[in-house]
A.B. asks: 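What follows is a single structure, and I will ask about it in a moment.
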Amino acid sequence: MATELRMLRDAEWDGWSDALERAFGAPPPTPEQRAVRREVTETDRMFGVWDGADCVATAGAFSFGLSVPGGAEVPAAGVTMVTVQPTHRRRGLLRAMMRHQLADVRERGEPLAVLTASEPVIYGRFGYGPAALDMQLTVDTLRLAAPELPGVDGVRLRLVDPSAALPECERVYARLVPGRPGMLARRPGWARLAVLDTPGERDGAGVLQCAVAEVDGEVRGYVRYAVKVVWEDAGPSGVVRVRHIEALDPVVYAALWRYLFGIDLTSSVTVSSRPVDDALPHLVGDLRRCLPVLRESLFVRPVEVGAALAARTYRTPVDVVLEVADPFCPWNAGRWRLTGDGTGAVCARTTDPAELALSVRELGSAYLGGVALTSLAAAGRVRELRPGALAAASVAFGSDVAPWLPHEF
């Protein structure tokens, strides 16, 4: 029987979601999880492949605003829920879905597509380049002194219900988005996902807790965490597991970490995702006792090269002709002249001689300023065609703040 690739119908959402969970081998979601996921699902952006009555492949996207260098919020498709059932591998279903999706993204006028990847090697074939890293930390709070900065004692901390505090915490998050490339402006409903706390996902930890940090009555930071109690022969050795921690200024950030260091019956704090330029290792003065682990977090794909490059600003003035290869989206292939600086940019087709040659994947990696074009050139993935063009463009594409994605999707 022939397979059919088409949009998801509202009445099919439960079966489509079941196929998604089955492909990932995940336990069934709780009714609360399912309800929230259903709320944020944009049905007209979800599709799949059906073999008769059976859904055998899934894919979709969410509508986001992505913060880029310069602070602009650029429309981006958050690619998600991509699966193919084991029974239908090696039939070209993934390639067909990726092609269908990118054509749809282009039609919607979104210059970028972004994703997180459980297996990064898969998506490079479709033009997605790793553009941001995150840093996992396991902090030894017995051997490290708690962070201190002048003014920390003036920060008031309150324990609050995580759900009740969502509006205040979201205001903090929203103020941070323009200042860091890679952050996503939340859409309605997404905040609830941040405080879902199902017993099956606690892995021995207690309930989710939230502390907000106030200065002069204004909430300027928050932390969500849970404590896993551990008893050893020598005594308590619990772990504070931080889910989210955000602050509007260094003093509040230090106050939140000092609070976490002081939680009774614990000897370490773990946080699964922080930017690679995070302040904590400098606050405690010993990176090794923080046990950093890096991984790729956000993958970026320019869907419309000209519009994407024109949507951000550049650290230094740039005027360069790029020869872009993009066999999967051929409308991007060819020469583009990028001219820009810290106030704006234009990028248009040109017949001028190329000065740098790269694929759309490398362009995606460099787009947020966290991956240097010079590093990609050292790996043979960017070619300099005019002497001096590489170094100048690499500096221009850079960002003073490391890109980071704290928002799962």
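Reckoned from all heavy atoms, side chains included, excluding hydrogens, waters and symmetry mates.
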A.B. asks: Should R192 and E39 count as an ion pair when the cut-off is N to O under 4.0 Å?
C.D. replies: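 Answer for the salt bridge query: yes.
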
A.B. asks: Only counting residues at least two apart or in another chain, list the ones meeting side-chain hydrogen bond (donor to acceptor under 3.5 Å, both in side chains) with E168.
C.D. replies: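 If we apply the side-chain hydrogen bond (donor to acceptor under 3.5 Å, both in side chains) test to E168, skipping adjacent residues, there are no hits.
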
A.B. asks: For F409 and H407, take the angle between the two ring planes, folded into 0 to 90°, and tell me which bin it lands in: parallel under 30, tilted 30 to 60, perpendicular over 60.
C.D. replies: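 If you compare the ring of F409 with that of H407, the planes turn out perpendicular.
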
A.B. asks: Scan side-chain atoms only and decide if R45 and S63 contain a donor-acceptor pair under the 3.5 Å cut-off.
C.D. replies: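 Judged by distance alone, the side chains do pair up.
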
A.B. asks: Are any non-hydrogen side-chain atoms of W190 and L184 less than 4.5 angstrom apart?
C.D. replies: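 With C-beta onward as the side chain, the pair stays apart.
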
A.B. asks: For the pair R175 and E170, find out whether any cationic side-chain nitrogen is under 4.0 Å from an anionic carboxylate oxygen.
C.D. replies: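 Judged by the 4.0 Å cut-off on N to carboxylate O distance, R175 and E170 do not form a salt bridge.
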
A.B. asks: Distance under 6.0 Å and angle within 45° of the ring axis: does R186 meet both against Y173?
C.D. replies: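 Yes, a cation-pi geometry.
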
A.B. asks: Measuring from C55:SG to L20:CG, what's the distance to the nearest 0.5 Å?
C.D. replies: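 Interatomic distance, C55 SG to L20 CG, rounded to 0.5 Å: 9.0 Å.
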
A.B. asks: Any side-chain donor-acceptor pair under 3.5 Å between E362 and S365?
C.D. replies: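 Short answer, no.
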
A.B. asks: Any heavy-atom pair between the side chains of M135 and W404 that's under 4.5 Å?
C.D. replies: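 No, every pair of side-chain atoms sits at 4.5 Å or beyond.
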
A.B. asks: So does R22 pair up with D18, basic N to acidic O under 4.0 Å?
C.D. replies: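 Salt bridge flag = no for D18 with R22.
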
A.B. asks: My understanding is that only residues two or more places apart in sequence, or in another chain, count here; which of them pass ring-ring contact (aromatic ring centres under 6.0 Å, His included) with F397?
C.D. replies: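 Result, ring-ring contact (aromatic ring centres under 6.0 Å, His included) vs F397: Y314.
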
A.B. asks: Hey, is R143 close enough to D286 for a salt bridge, meaning N to O under 4.0 Å?
C.D. replies: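 Between D286 and R143 there is no salt bridge, as every charged N stays at least 4.0 Å from the carboxylate O atoms.
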
A.B. asks: With the threshold set at 4.0 Å, does a side-chain nitrogen-carboxylate oxygen contact exist between R241 and E201?
C.D. replies: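 No.
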
A.B. asks: Rounded to the nearest 0.5 Å, how far does CZ of R289 lie from CG of L142?
C.D. replies: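 The CZ atom of R289 is 10.5 Å from CG of L142, to the nearest 0.5 Å.
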
A.B. asks: Salt bridge or not for R224 and D197, using N-O below 4.0 Å?
C.D. replies: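 D197 and R224: not salt-bridged.
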
A.B. asks: Within 45 degrees of the ring normal and closer than 6.0 Å to the centroid, is that where the cationic atom of R99 sits relative to F328?
C.D. replies: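 Yes, a cation-pi geometry.
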
